[in-house]
Amino acid sequence: MSAVDVIENQDVVETPVQSEIEICPPLDFEFKKKPFYEFIKRVGDIFCSLLALVLLFLPLLVVAVIIMCVDFGNPFFSQERVGKDGKVFKIYKFRSMYKDAEIRKAELAEQNEVDSSLFKIKDDPRILGKFGKFIRKFSVDELPQLLNILKGDMSVVGPRPFIISEQENFCDERLLVKPGLSCYWQINGKNELSDAMSEYYDKKYIMDRSVLTDIGIVFKTFKVVIFSHNS
């Protein structure tokens with residue numbers, strides 16, 4: 001089955017069922033270097049991130065101002081994540097939670113609702129009200145990562161970049177390529193995926209990666225975001 005077939009045949013609505021049974025298809029992982037593809041991808045990343053930053057400058061500015069009005073302070077959130085070849089970099093996001101969110105995380109640890117290394121609870125009290133939920137639901141909080149893409153830390157498409165403690169629970173093979181804004185995990189359940197399924201999708205993408213695969217994932221991501229199949 002081709003990469004495009006995988007993308008088209010995955011039903012986003014049915015993902016919670018898939019994550020509940022947690023059965024990973026067999027995968028004979030193999031990594032192949034693709035220098036020409038990587039060159040084309042880097043050119044595309046630079047072009048797309050620059051274009052998006054220019055077109056979205058005013059909307060991004062409005063988002064930043066609203067965040068400061070809701071909870072005064074730096075509207076951006078930065079955090080160390082693990083990238084290609086294990087290189088640690090700072091990822092940029094809009095702050096969708098109150099400034100003390102990281103401190104309060106320990107207090108809410110027992111309420112974690114996902115069977116994975118990630119942390120998620122329903123009606124998280126750390127979120128900046130309705131506006132915080134809105135920018136998270138439609139992935140607006142992730143748009144500052146366009147700067148990471150422009151810098152070369154990330155790509156438009158690639159495995160999710162985890163913090164150091166989370167990456168320790170996953171295989172090193174997922175660090176063979178640059179992390180990205182979206183990938184198979186984003187269009188197949190995101191936070192609802194178990195660690196095993198997340199790792200499966202990352203490995204599968206690394207094997208499938210191509211220009212057509214990336215384009216398919218980007219279009220599928222827009223569909224997921226627009227129809228609110230997002231966490």
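Hydrogens, waters and symmetry mates play no part in the numbers below; they use all other heavy atoms, side chains included. All residue numbers in this chain count up from 1 along the given sequence.
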Checklist entry - From Phe162 CZ over to Glu168 CD, what is the distance, rounded to the nearest 0.5 angstrom? => result 12.5 Å
Item to check | Steps toward side chain to side chain contact (heavy atoms under 4.5 Å, CB included) verdict (Arg136, Met97) | outcome: CA-CA 10 Å; Arg136 289 165 67 91; Met97 295 186 173; 3.5 Å; yes
Checklist entry - Among the clusters formed by ILVMFWY side chains lying less than 4.5 Å apart, do Leu56 and Val62 turn up in the same one? => result yes
Item to check | CZ (Phe76) with more than 12 external heavy atoms under 6.0 Å | outcome: yes
Checklist entry - Does a salt bridge link Lys151 with Asp153, judged by any charged N lying under 4.0 Å from a carboxylate O? => result yes
Checklist entry - Does a donor on one side chain sit under 3.5 Å from an acceptor on the other, for Tyr37 and Lys41? => result yes
Checklist entry - Can any side-chain N or O of Lys99 pair as donor or acceptor with the backbone N or O of Phe72 at less than 3.5 Å? => result yes
Next on the checklist: To the closest 0.5 Å, what do you measure between OG (Ser96) and CG (Asp71)?
Outcome noted: 11.5 Å
Checklist entry - Going from CE on Met154 to CD1 on Ile91, what distance comes out if it is rounded to the nearest 0.5 angstrom? => result 4.5 Å
Checklist outcome for this item: Nearest heavy-atom contact between Cys171 and Glu199 is N-OE1, 2.9 Å
Next on the checklist: Could you walk me through whether Ile163 and Gln79 satisfy the side chain to side chain contact (heavy atoms under 4.5 Å, CB included) test, starting with their C-alpha distance in whole Å, then the side-chain angles of each, then the deciding distance to 0.1 Å, before giving a yes or no?
Outcome noted: CA-CA 8 Å; Ile163 62 176; Gln79 187 180 56; 3.3 Å; yes
Next on the checklist: Same cluster or not: Leu175 versus Tyr200, using hydrophobic residues (I, L, V, M, F, W, Y) connected whenever any side-chain heavy atoms lie under 4.5 Å apart?
Outcome noted: no
Checklist outcome for this item: Of Asp214, Thr213, Ile215, the one forming a side chain to side chain contact (heavy atoms under 4.5 Å, CB included) with Val211 is Ile215
Item to check | Rounded distance [0.5 Å steps], OH in Tyr98 versus CG in Asp124 | outcome: 11.0 Å
Item to check | Rounded distance [0.5 Å steps], CD1 in Ile226 versus OG1 in Thr221 | outcome: 10.5 Å
Checklist entry - Any side-chain heavy atom of Arg209 within less than 4.5 Å of one from Glu38? => result yes
Item to check | Atom of Arg81, atom of Pro161 and distance for their closest heavy-atom approach | outcome: NH1-O, 2.7 Å
Checklist entry - Just how far is it from atom CG of Asp141 to atom CZ of Phe131, taken to the nearest 0.5 Å? => result 10.0 Å
Next on the checklist: With side chain to side chain contact (heavy atoms under 4.5 Å, CB included) as the criterion, how do Val63 and Ile67 come out once you've worked through the C-alpha distance, each side chain's angles and the decisive distance to 0.1 Å?
Outcome noted: CA-CA 6 Å; Val63 171; Ile67 292 173; 3.9 Å; yes
Checklist entry - Between Ser49 (side chain) and Asp45 (backbone), is there a donor-acceptor pair under 3.5 Å? => result yes
Checklist entry - Would you say Val70 and Ile66 make side-chain contact, with heavy atoms under 4.5 Å? => result yes
Checklist entry - What class does the angle between the rings of Tyr184 and Tyr201 fall in, given that below 30° is parallel, 30 to 60° is tilted and above 60° is perpendicular? => result perpendicular
Checklist entry - Do Lys204 and Pro25 come close enough that some side-chain heavy atom pair is under 4.5 Å? => result no
Checklist entry - What pair of heavy atoms forms the shortest contact from Ile149 to Leu181, and how long is it? => result CD1-CD1, 3.6 Å
Checklist entry - Can Ile217 and Tyr205 be said to form a side chain to side chain contact (heavy atoms under 4.5 Å, CB included), step by step? => result CA-CA 10 Å; Ile217 290 174; Tyr205 169 73; 3.8 Å; yes
Checklist entry - Any chance CZ of Phe31 has more than 12 other-residue heavy atoms, nucleotides or ligands included, within less than 6.0 Å? => result yes
Item to check | Considering all heavy atoms, the nearest Arg174-Gln167 contact | outcome: NH1-OE1, 2.8 Å
Next on the checklist: For a quick test of reading the model, state the closest non-hydrogen atom pair linking Glu80 to Val88 and the distance between them.
Outcome noted: CB-CG1, 3.8 Å
Next on the checklist: Count I, L, V, M, F, W, Y as connected when their side-chain heavy atoms are under 4.5 Å apart, and connections chain through other members. Are Ile46 and Val43 then in the same cluster?
Outcome noted: yes
Next on the checklist: Could you report the tightest heavy-atom contact between Pro159 and Trp185, atom names first, then the distance?
Outcome noted: C-NE1, 3.6 Å
Checklist entry - Is it the case that more than 12 heavy atoms not belonging to Lys34 sit under 6.0 Å from its NZ atom? => result yes
Checklist entry - Does one hydrophobic cluster hold both Leu50 and Leu146, with members joined at side-chain heavy-atom distances below 4.5 Å? => result yes
